[in-house]
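What follows is a single structure, written as structure tokens, with notes after it.
Counting convention: from 1, in listed order, for ligands and their atoms alike. Quick note: numbers below take in every heavy atom, side chains included, and nothing from hydrogens, waters or symmetry partners. As the structure is a computational prediction, the values presented were derived from the model and not from experiment.
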Amino acid sequence: MELPSPATSHWDDDPDLGSVVVDEQGIRRRVRELADEVTEDYGDRPPLLVGVLKGAFVFMSDLARAVRLPVEVDMMAVASYGSAATTSGVVRILKDLDTDLTDRHVLVVEDIVDSGLTLSYLRRNLMARRPASLEVCALLVKDGRQRAPLDLRYVGFRIPGDFVVGYGLDIAERYRNVPDVRVYQGPVAVG
Ligand code: PRP
């Protein structure tokens with residue numbers, strides 16, 4: 001049985017947070033749908049889920065538990081933003097995978113695709129490790145922000161270009177624990 005979403009949350013009182021872009025119930029429902037698709041598509045070849053930290057930790061946790069296959073989970077940490085709300089275009093690997101990807105069915109789990117630079121870099125980097133297959137599951141994709149089309153096998157929601165936080169997404173490391181996705185309307189550090 002589904003628990004009702006609270007009508008209000010204490011995050012509503014935070015002046016730096018604006019409107020809810022995707023609510024908790026919508027996320028729950030969509031994560032279940034994505035997990036069902038993954039379960040059906042991969043069948044007898046359970047994928048290695050590769051989470052992209054830090055943002056993907058919440059989505060990964062919910063998705064992995066909703067997929068009805070004996071998946072494996074690994075994480076890598078990359079950074080493209082620094083603390084400002086604009087993309088720098090620079091992608092650095094802060095923590096690499098523990099798993100050898102050779103001949104593995106790899107499903108990259110991302111919280112958000114904005115410019116697409118992180119994903120393009122990751123795809124090239126991971127393909128060089130010769131997996132049997134490589135697909136991407138992104139919860140959020142910002143509309144019209146990618147310079148080149150990205151091959152995204154699973155997409156949760158297409159959202160407008162506003163800066164959003166919550167459900168793993170941060171501004172200067174804050175708000176990752178907000179249970180829904182909200183517009184951030186507070187001050188943005190420069191640099
Ligand atoms: C975010 C997000 C993606 C990336 C998307 O990560 O998790 O990895 O930005 O942006 P892009 O499509 O413009 O490349 P971020 O670098 O903010 O790090 P974090 O996950 O640790 O918050």
Close-contact set for ligand 1 against T118 heavy atoms, below 4.0 Å: 4 (C), 5 (C), 8 (O), 10 (O), 11 (P), 14 (O)

Where ligand 1 meets D111 - atom numbers and elements under 4.0 angstrom, heavy-atom basis: 2 (C), 7 (O)

Salt bridge D111-R176, side-chain N to carboxylate O under 4.0 Å: no

Salt-bridge contact R182-D180 (side-chain N to carboxylate O under 4.0 Å): yes

Crowding at CZ, R158 (>12 non-hydrogen neighbours, <6.0 Å): no

Backbone or side-chain N or O of G55 under 3.5 Å from ligand 1 N or O: yes

Side chain proximity check, V136 to D151, heavy atoms < 4.5 angstrom: no

Proximity of Q146 to ligand 1 by residue part, where a heavy atom lies under 4.0 Å: neither

Numbered atoms of ligand 1 (with element) below 4.0 Å of D170, judged on heavy atoms: 22 (O)

Atoms in ligand 1 with a heavy atom of L53 nearer than 4.0 Å: 20 (O), 21 (O)

Proximity winner for atom 8 (O) of ligand 1, if only heavy atoms of K142, K54, E110 are counted: E110

Contacting atoms of ligand 1, where contact means under 4.0 angstrom from a heavy atom of S115: 11 (P), 12 (O), 13 (O), 14 (O)

For R176, the ligand 1 atoms whose distance to one of its heavy atoms is below 4.0 Å: 19 (P), 21 (O), 22 (O)

Proximity winner for atom 12 (O) of ligand 1, if only heavy atoms of G168, G116, S120, A138 are counted: G116

Any L107 side-chain heavy atom under 4.5 Å of V38 side chain: yes

NZ/NE/NH1/NH2 to OD/OE distance under 4.0 Å, R129 and D100: no

Derivation and outcome, salt bridge (charged side-chain N to carboxylate O under 4.0 Å, His left out), residues D41 and R153: CA-CA 11 Å; D41 292 350; R153 177 76 183 80; 2.5 Å; yes

